[in-house]
Every structure is written in C-alpha cells, then in structure tokens.
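Whatever order the structure lists ligands and atoms in, that order sets their numbers, starting from 1.
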Amino acid sequence: MSEKKRVLSCIQPTGDMHFGNYFGAVKNWVALQEEYTCMYGVVDYHAMTMPYNPKKLRENTWELIYNLLAVGIKPENLFIQSLVPEHAELGWILNNFAAYGRVENMTQFKDKSQQSSKGKEGFISVGLFDYPVLQAADILIYRADYVPVGEDQKQHLELTKEIANRFNNQVGKEYFVLPEMLRTITPKIMSTADPARKMSKSAGEKHNISLFADESRLRKQVGSAVTDSGDTEPGQMSAGVQNLFELLTAAENSAGHDQLMETYNNGTLKYSELKQVVADTLAALNQQFVANKKELTQDKKAIKNQIKQASHEIRKRAQQTVKEVKDLCGLSNIRF
Ligand code: TYM
C-alpha cells in the first residue's frame with residue numbers, strides 16, 4: 001500500500017481565531033484529515049516576532065489548541081511548535097539557502113515591520129525578518145506535499161519552494177518535497193469594518209470577527225459591516241457586499257446566498273436583510289463551536305497530556321529529517 005500524502009499547516013497564537021482563519025484555512029484542515037496524514041501546528045515561536053507578553057503567549061497557545069479541537073481538529077494531529085525545537089534548528093540551516101533580497105521583499109514583513117516601528121519602542125526584530133524562513137522549516141521538516149492556507153500565505157509558500165530547490169541543487173539530491181498550496185473556495189476573507197483590507201488579528205479588534213465571540217458582539221459586528229465604500233463603479237457590486245456574499249458561500253449557506261443574489265440582481269436587495277442572514281449563519285456556527293469547546297474543556301489536563309504526547313510523536317519525524325539534513329550539508333551528527 002502506498003503511503004498517504006502529507007499535509008502541514010500552522011496558525012499563530014496571537015489572539016482569537018477568526019472567521020478569516022476558519023474559512024480561509026482551518027475548515028479545510030478539518031476535511032483533509034479524512035484522506036491524508038495531517039500535522040497542524042500552533043506556532044508559538046512565530047508569535048514572538050512581534051512585541052508580546054510571555055504569560056499571554058502561553059495562555060493564547062492553549063486557548064488556540066482548545067479552539068482547534070472545538071472545530072474538529074483531531075488531537076493526534078496537533079502539535080505546539082516549541083515542543084518540536086528541531087523547527088528552529090532547521091530554520092537556522094535553511095537561512096543559509098534563503099536569498100536575503102527575496103526575504104526582504106516579503107509583503108508580510110513590510111506590513112508588520114511598519115506596524116512594529118509605530119509601536120512604543122519602534123523596534124523591528126530580526127525574528128520578524130526571518131519569519132518566512134522558519135515557516136519554510138515548518139513545512140519542509142515534514143516533507144509536506146500539501147499546505148492548506150489562505151491567499152495571504154502564497155508568497156511564503158513560493159519562498160519555501162525556492163529554498164527547497166536551492167537546498168536540493170546544492171546537496172545534489174531531490175531531498176525536500178516541493179509543497180503545493182491548497183486553497184479553500186474563499187481564500188481571502190475581508191474585514192467587515194474595512195473591506196479593502198483582509199480580516200486579521202493584527203489589524204485590531206474591529207477588523208476580525210472571532211469564531212468564539214460572544215454572539216451579541218458577532219451580530220453587532222456584522223450589523224455594522226461597511227456596504228458602500230463610495231469608490232464602486234455604477235452597476236458594480238461593492239467590496240463590502242461582495243464580502244458578505246462570500247461569507248455565505250464560505251459557510252455553505254447556498255440557499256440564503258442564491259435567494260439574496262437574486263434580489264441583488266433585480267435591484268431589490270436590502271442590505272439589512274443580507275446582514276441578518278449573514279449574522280444568523282455565522283451565529284449558528286459560533287453556537288456550535290462554543291458548545292463543543294465548553295464540553296471538551298471540562299478536562300483541560302487530559303487535553304494538555306494528549307497534545308504533549310502528539311507533539312512528542314510528531315517530533316520523531318522532525319528529528320529524522322534534521323538528522324538527514326545535517327548529514328547532507330556537512331554538519332556533525334554524533335549522538336551523545
Ligand atoms: P495566521 O496565524 O495569520 O493565519 C492562519 C491561517 O489563516 C489564514 N488566514 C486567512 N485566510 C483567508 N482570509 C483571511 N482574512 C485570513 N487571515 C488568515 C492564513 O492564510 C493561514 O493559513 N504565517 C502563517 C503561520 C505559519 C504557517 C507555517 C502556515 C507559520 N508556519 C507553515 C502554513 C505553514 C500565519 O501567519 O498564519
């Protein structure tokens with residue numbers, strides 16, 4: 001029997017998981033578990049690249065684990081990045097196969113370094129610059145075939161392939177698998193408060209709708225979604241309205257979507273009705289996830305043990321890769 005293809009993806013513990021994360025990536029993670037060998041990481045090393053609070057980081061890491069379990073990720077497929085320190089070791093090695101000029105041009109670095117420089121200390125860390133190389137290590141360390149992510153990660157995936165290629169050429173062996181990106185049907189969910197920018201944690205509270213939010217907050221956010229941004233050509237759907245329809249598609253409410261689209265097409269759509277259907281659709285998911293989380297977090301200790309064990313098992317694969325990589329690139333590989 002041939003071995004199953006491998007899937008790897010990760011998420012940062014930098015705040016609440018939002019509908020952009022879910023519809024753009026995590027919903028796919030759940031589905032892929034049926035067919036593939038899946039590894040999903042909560043990347044706490046990455047979360048250190050922007051100013052952060054140590055206590056909050058640990059809390060956020062476990063909260064995100066509970067959230068991922070509540071939406072249907074199996075515990076055996078979940079790991080915490082810092083429990084597999086080989087990611088950092090491979091990251092260092094891969095730094096030497098990553099072109100400075102390419103890393104410097106990453107859009108995420110440009111956006112976040114601007115954000116960081118406006119912060120209290122005006123400090124931009126080397127970690128932030130090196131972020132995509134560590135991400136390449138996350139992927140390559142498991143020789144992943146597929147990486148399910150949102151559209152915003154496309155550039156990082158391309159860089160990962162370049163690094164893998166350079167490594168393979170230099171060591172004279174097709175060692176690393178060149179991973180393919182997997183998109184959902186809605187790979188870019190926009191902020192309801194500003195449909196010109198993507199829904200994101202780092203842009204601030206109003207720019208993301210938390211999957212586990214208090215329902216009244218969720219309804220308020222959808223209710224105040226921007227529908228007319230003023231820069232739409234006559235006869236063209238505005239980005240805000242488009243995004244609300246996109247949310248219905250993402251949540252698989254095709255009946256609601258099609259019925260409202262018909263009214264849009266014949267010019268009778270009321271934005272308040274569209275918002276109501278979107279709010280009801282998202283609230284139904286929210287209620288289900290909140291209930292799942294309540295149930296499963298009754299025994300947090302058991303979950304912690306499961307995730308530590310899963311990280312330990314997943315680490316064995318990472319250790320094997322690092323050992324082989326060290327052999328290939330001339331480093332000493334003595335076992336003490
Ligand atoms: P993060 O934590 O920002 O987001 C996690 C996942 O959610 C997707 N996503 C979105 N998709 C659609 N619309 C949006 N508005 C939206 N916002 C976020 C992201 O594309 C991502 O798939 N760099 C990664 C974390 C990472 C990683 C990795 C991912 C570290 N190592 C290795 C894949 C493989 C990030 O910042 O994700």
Looking only at side chains, do D280 and Q276 share a donor and an acceptor under 3.5 Å apart?
yes

side-chain contact (heavy atoms from CB on, under 4.5 Å), that's the test. Do I307 and W62 meet it? Break it down for me.
CA-CA 10 Å; I307 300 304; W62 285 107; 3.9 Å; yes

Can you check whether Y142 and F79 have ring centres sitting under 6.0 Å from each other?
yes

Please check if the distance between the ring centroids of Y100 and F129 is under 6.0 Å.
yes

On a heavy-atom basis, the closest approach of V241 and T227 is CG2-O, 3.7 Å

Counting only heavy atoms and a distance below 4.0 Å, can you name the residues contacting ligand 1?
L8, S9, C10, I11, Q12, H18, G20, N21, G24, A25, V43, H46, Y131, Q135, D138, I139, V147, V149, G150, D152, Q153, P187, K188, I189, K198, M199, K201

Side chain to side chain contact (heavy atoms under 4.5 Å, CB included) with F19: of V222, L211, T192, only one passes, and it is L211

